[in-house]
Trainee: 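First, the structure itself, so that you have it in front of you.
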Amino acid sequence: MKNVVIFGAPGSGKGTQSELIIKEFGLAHISTGDVLRAEIANGTELGKTAKGYMDNGQLVPDSLIIDILASVLDSKGKNIPGVIFDGFPRTIAQAEALNAMLKERGTQINVVVGLEVEEDELIKRIVERGKTSGRSDDNAETAKKRLSTYFNQTLPLKDFYVKEGKYASIKGMGSIESIFADIKKAIENA
Ligand code: ADP
């Protein structure tokens with residue numbers, strides 16, 4: 001099993017690079033943002049609760065997201081070469097829960113691919129994506145809140161994974177292909 005976390009700020013290219021990683025390595029994709037958007041589209045209780053946080057640029061509470069992650073993980077079955085976690089973990093509590101969850105299942109995280117992108121570029125990309133994504137959180141105002149949530153609650157995770165010796169820093173500016181070439185090397189070496 002090769003389990004990968006793709007880590008970075010909103011707009012850093014996690015979704016785009018995840019697709020390329022899946023094609024190359026055949027990993028199962030778990031995007032918590034996509035899972036939450038599906039819950040919203042289906043009008044579930046979880047979706048209703050999540051939407052309030054998402055539209056405000058805040059994180060959905062850990063307890064909700066950790067429960068759903070465990071069931072999504074088990075729904076992928078046992079015959080997969082690994083998982084790419086996209087948008088999860090986003091807090092230290094989530095990272096600890098993920099470690100425990102994988103350990104119970106006899107596996108672990110192999111590498112955390114950290115996409116590093118400058119802040120001005122992030123806002124630009126999110127606003128640009130908002131023209132076609134249909135996402136109610138892809139606007140300049142919510143993007144600023146999402147970024148401050150990222151810096152306060154998620155960025156501390158970088159240190160957590162550096163200490164575990166799993167963090168691979170990748171420059172997330174430049175062409176999609178050149179960024180992917182660096183990611184590919186980091187995953188192959190993990
Ligand atoms: P992005 O990384 O571009 O902000 P995502 O689709 O990953 O987009 O996430 C959209 C929103 O969904 C987040 O702003 C947050 O409100 C919620 N969300 C996604 N993943 C998590 C998570 N692991 N923990 C808490 N909230 C989450």
Side-chain angles (χ1 to χ4, degrees), residues 3-19 21-22 28-42 44-73 83-102 109 112-158 160-161 170 172-173 176 179 183:
N3 296 310
V4 178
V5 170
I6 187 144
F7 182 83
S12 59
K14 297 187 298 286
T16 305
Q17 293 296 337
S18 290
E19 284 175 24
I21 295 169
I22 291 158
H29 188 204
I30 298 183
S31 155
T32 42
D34 287 351
V35 169
L36 294 172
R37 281 184 287 276
E39 294 284 330
I40 294 172
N42 291 330
T44 66
E45 279 309 308
L46 171 64
K48 282 178 199 153
T49 308
K51 186 167 167 51
Y53 291 100
M54 291 164 80
D55 285 347
N56 223 347
Q58 294 172 312
L59 296 183
V60 173
D62 284 335
S63 55
L64 293 182
I65 203 89
I66 289 167
D67 275 358
I68 192 160
L69 204 270
S71 65
V72 175
L73 182 59
V83 176
I84 175 151
F85 296 93
D86 167 3
F88 184 95
R90 263 175 150 98
T91 62
I92 301 277
Q94 290 180 19
E96 285 170 343
L98 181 60
N99 278 352
M101 219 183 281
L102 293 176
I109 292 297
V112 175
V113 170
L115 292 172
E116 316 264 357
V117 177
E118 285 158 21
E119 198 174 334
D120 290 358
E121 171 78 11
L122 294 170
I123 303 265
K124 255 195 265 165
R125 287 188 191 177
I126 293 171
V127 171
E128 192 56 38
R129 181 172 72 186
K131 292 179 186 164
T132 54
S133 70
R135 278 177 56 171
S136 52
D137 60 347
D138 277 347
N139 57 72
E141 195 193 338
T142 312
K144 283 191 188 122
K145 289 188 196 159
R146 284 157 65 197
L147 278 181
S148 96
T149 300
Y150 171 79
F151 288 120
N152 291 323
Q153 291 176 266
T154 305
L155 193 55
L157 266 181
K158 176 174 167 177
F160 177 95
Y161 285 119
I170 304 286
M173 316 259 293
I176 290 174
I179 298 166
I183 293 177

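Numbering of ligands and ligand atoms starts at 1, following listing order. Quick caveat: nothing in here was measured; it's all calculated off a predicted structure. If you read the sequence from its start, that first residue is 1, and numbering goes on from there.
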Trainee: Calculate, to the nearest 0.5 Å, the distance between atoms CD and CZ belonging to Gln94 and Phe88 respectively.
Mentor: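 The CD atom of Gln94 sits 4.5 Å away from the CZ atom of Phe88.
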
Trainee: Under the salt bridge (Lys or Arg N to Asp or Glu O under 4.0 Å) criterion, do Glu45 and Lys48 qualify, and how do the steps go?
Mentor: CA-CA 5 Å; Glu45 279 309 308; Lys48 282 178 199 153; 3.6 Å; yes

Trainee: Might you list the protein residues in contact with ligand 1, defined as having a heavy atom under 4.0 Å from one of its atoms, sorted by chain and number?
Mentor: Pro10, Gly11, Lys14, Thr32, Gly33, Leu36, Arg37, Met54, Gln58, Leu59, Val60, Ile65, Gly87, Phe88, Arg90, Gln94, Arg129, Arg135, Asp137, Arg146

Trainee: Taking side chain as C-beta onward, heavy atoms only, is Thr142 less than 4.5 Å from Ile126?
Mentor: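 When only atoms from C-beta onward are counted, Ile126 and Thr142 do not touch, as no gap falls below 4.5 Å.
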
Trainee: Supply the atom-to-atom distance Ile22 CD1 to Asp86 CG, rounded to the nearest 0.5 angstrom.
Mentor: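 So the gap between those two atoms works out to 8.0 Å.
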
Trainee: Which distance, rounded to the nearest 0.5 Å, do you find between the CD1 of Ile6 and the NZ of Lys14?
Mentor: 8.0 Å

Trainee: Hey, mind stepping through Glu128 and Lys131 against salt bridge (Lys or Arg N to Asp or Glu O under 4.0 Å) and telling me if it holds?
Mentor: CA-CA 6 Å; Glu128 192 56 38; Lys131 292 179 186 164; 3.1 Å; yes

